[in-house]
Protein chains: 2
Amino acid sequence: MARKQGSHSDITGPRVRAAALKLFAAHGFAAVSMRQIAAEVGVQAGALYLYTPDKQTLLSDLLETHMGEVLSAWQAELPRIEARGGGPEAGLDAFARFHIRFHLARPQAVFISYMELRNLTPENFAKLEAMRKQYEDGLEQILIEGKARGLFDVSDTKLTTLALISMLNGVLTWYKPEGRLSLDRVESIYADMVSKSVRAQERSAQIA
Amino acid sequence: MARKQGSHSDITGPRVRAAALKLFAAHGFAAVSMRQIAAEVGVQAGALYLYTPDKQTLLSDLLETHMGEVLSAWQAELPRIEARGGGPEAGLDAFARFHIRFHLARPQAVFISYMELRNLTPENFAKLEAMRKQYEDGLEQILIEGKARGLFDVSDTKLTTLALISMLNGVLTWYKPEGRLSLDRVESIYADMVSKSVRAQERSAQIA
DNA sequence: GTCTATACAATGATAGAC
DNA sequence: GTCTATCATTGTATAGAC
């Protein structure tokens, strides 16, 4: 029989995206059906097409929204770095802590951002790649400046940028909020490893 | 004993696994159909079931074979570490270089080993996790020994193990054999970052 | 051992009733 | 705006011919 008649487009739209995000993160884009998403929302499959032209667009909207949030959140972080002196060391520490904190607060969006890129159309993929590159460039600039000042010993800033981000992303694969380590502790350990891995050697014995 | 004209089980079996590996890595387990795998091999879909009971087993066989190769290859590497003195510093360097080299030689298998774990049945997943843990323990033992000797400054060996492996795995996302950096160079840069990120501070100025 | 043929559920997406 | 009903297609897997 006829179920609810109410107009819910303003609330159902976000719920559709939330359900898709949750299910894509849990099972993968290709493994999740529109019917599953609809069931999670509590509507029929056909109703989803009021909120997205197709499944592919639903995915790319989630990814673009996420990367947009990453970029603007990092922009918002920059004044805080200046307040700490603004040098490359402060910047690198801030980047590591920001990355850990922000990503752990949005594990599902981060997860699909790294897993489901290949399910995007070439156009959508290119747009996401450009945003990701912009974020990476923020870190690389810090490395470049630190290297120029002799603070960092980095032979290849591009490679090092990617290596550091990979290390930081790894936290997603194991971190559990109820685990033995607090978020602050995890942040500090990672920030310390990042810092040490690029720091120029103080004059002292090298290992053989 | 009637001779058959197309007896190829000894060659078709490996080709089925090779095709599945290639397609799973390229598009994801859930996105690849048995029909696609069959087309890649050049047989009909039904013929695949001569070589695997089902799609899920095809995946878990690929992953278990790969992890078995990782473990035995690392075992084979241990004598080489002894030859270099056998200390934690030599061990850590050897691990980083081994991991980079071995993984870059099998990018597809490594890729699905990290991406498709969630598509395994709980039993198959548990088996794979145990093998992965065994590999990680090899690295953690090096860190534990280095920490005990005062060579490494590592506050949490488990977390550091995961962070280092994440960093090393990252090479897969960007390395191209025809790129601007040689494999040796990449190996060296990563091994250097790994080494520095855990090395105990020589006495000298700390950053503020 | 490999094929064709097929079973039969599930998929993404659309049309039209209310 | 949501529903039911439906479309063409594709999914995994099996049966039986040769």
Side-chain angles (χ1 to χ4, degrees), chain A residues 1-24 26-63 112 116 118-121 123-124, chain B residues 1-24 26-63 112 116 118-121 123-124:
Chain A
M1 305 309 286
R3 283 280 302 158
K4 46 202 66 171
Q5 286 286 0
S7 176
H8 300 302
S9 77
D10 53 340
I11 186 72
T12 305
R15 291 188 64 221
V16 168
R17 286 186 287 277
L21 174 62
K22 170 182 169 180
L23 291 171
F24 289 165
H27 309 109
F29 174 77
V32 173
S33 70
M34 294 298 267
R35 283 175 174 83
Q36 283 176 276
I37 298 171
E40 178 82 17
V41 175
V43 300
Q44 296 298 314
L48 296 180
Y49 292 88
L50 294 168
Y51 308 101
T52 182
D54 51 36
K55 193 186 176 190
Q56 151 79 208
T57 305
L58 187 50
L59 173 64
S60 72
D61 282 350
L62 290 173
L63 299 190
I112 64 173
E116 307 296 355
R118 62 183 169 189
N119 286 305
L120 295 175
T121 59
E123 298 76 29
N124 289 334
Chain B
M1 77 183 190
R3 271 302 197 176
K4 41 251 158 262
Q5 318 159 299
S7 180
H8 298 303
S9 78
D10 53 339
I11 188 71
T12 305
R15 291 189 63 219
V16 168
R17 286 187 287 278
L21 174 62
K22 170 183 169 180
L23 291 172
F24 290 165
H27 308 110
F29 175 76
V32 173
S33 70
M34 294 299 266
R35 285 193 228 271
Q36 284 176 275
I37 298 171
E40 178 82 16
V41 175
V43 299
Q44 296 297 313
L48 297 181
Y49 292 87
L50 294 168
Y51 308 101
T52 182
D54 51 36
K55 193 186 175 190
Q56 152 78 207
T57 305
L58 188 50
L59 174 64
S60 73
D61 281 350
L62 289 174
L63 298 190
I112 64 173
E116 308 296 354
R118 63 182 168 189
N119 286 305
L120 294 174
T121 60
E123 299 76 28
N124 289 334

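A, B, ... follow the sequence lines: proteins, then strands. Residue 1 opens every chain.
With D:dC3, D:dT2, C:dT4 as the choices, the nucleotide that has an atom nearest any side-chain atom of A:Gln44 turns out to be D:dC3.
Among B:Arg15, B:Lys22, B:Arg35, the single residue meeting the side chain to side chain contact (heavy atoms under 4.5 Å, CB included) criterion with B:Glu40 is B:Lys22.
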Report task. Take A:Asn124 and A:Gln56, measure what side-chain contact (heavy atoms from CB on, under 4.5 Å) needs, and give me the verdict at the end. Result -> CA-CA 9 Å; A:Asn124 289 334; A:Gln56 151 79 208; 3.1 Å; yes
Requested in this report: Begin with the C-alpha distance, continue with both residues' side-chain angles, and end with the deciding distance and a verdict on side-chain contact (heavy atoms from CB on, under 4.5 Å) for A:Ile37 and A:Met34.
Outcome: CA-CA 5 Å; A:Ile37 298 171; A:Met34 294 298 267; 4.2 Å; yes
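One distance of note links CG of B:Leu21 with CD1 of B:Ile112; it measures 5.0 Å at 0.5 Å rounding. If you take NZ on A:Lys55 and CZ on A:Phe24, they are separated by 5.5 Å, rounding to the nearest 0.5 Å.
Side-chain N/O atoms of A:Thr12 include one lying less than 4.0 angstrom from OP1 or OP2 on D:dT2.
Taking atom CG of residue A:Leu48 and atom C1' of nucleotide C:dA15, one finds them 16 Å apart after rounding to whole Å. Across the protein-nucleic acid pair, B:Leu50 atom CG and D:dT14 atom C1' stand 12 Å apart, rounded to whole Å. Distance CG (B:Leu59) to C1' (D:dT12): 15 Å, rounded to an integer number of Å.
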Report summary line: Quick tally for nucleotides 5-12 of chain C: nucleotides whose base has a protein heavy atom under 4.0 Å get B, sugar-phosphate-only ones S, the rest -, giving ------BB
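Looking at heavy atoms from C-beta onward, B:Leu58 lies in side-chain contact with B:Val16 at the 4.5 angstrom threshold.
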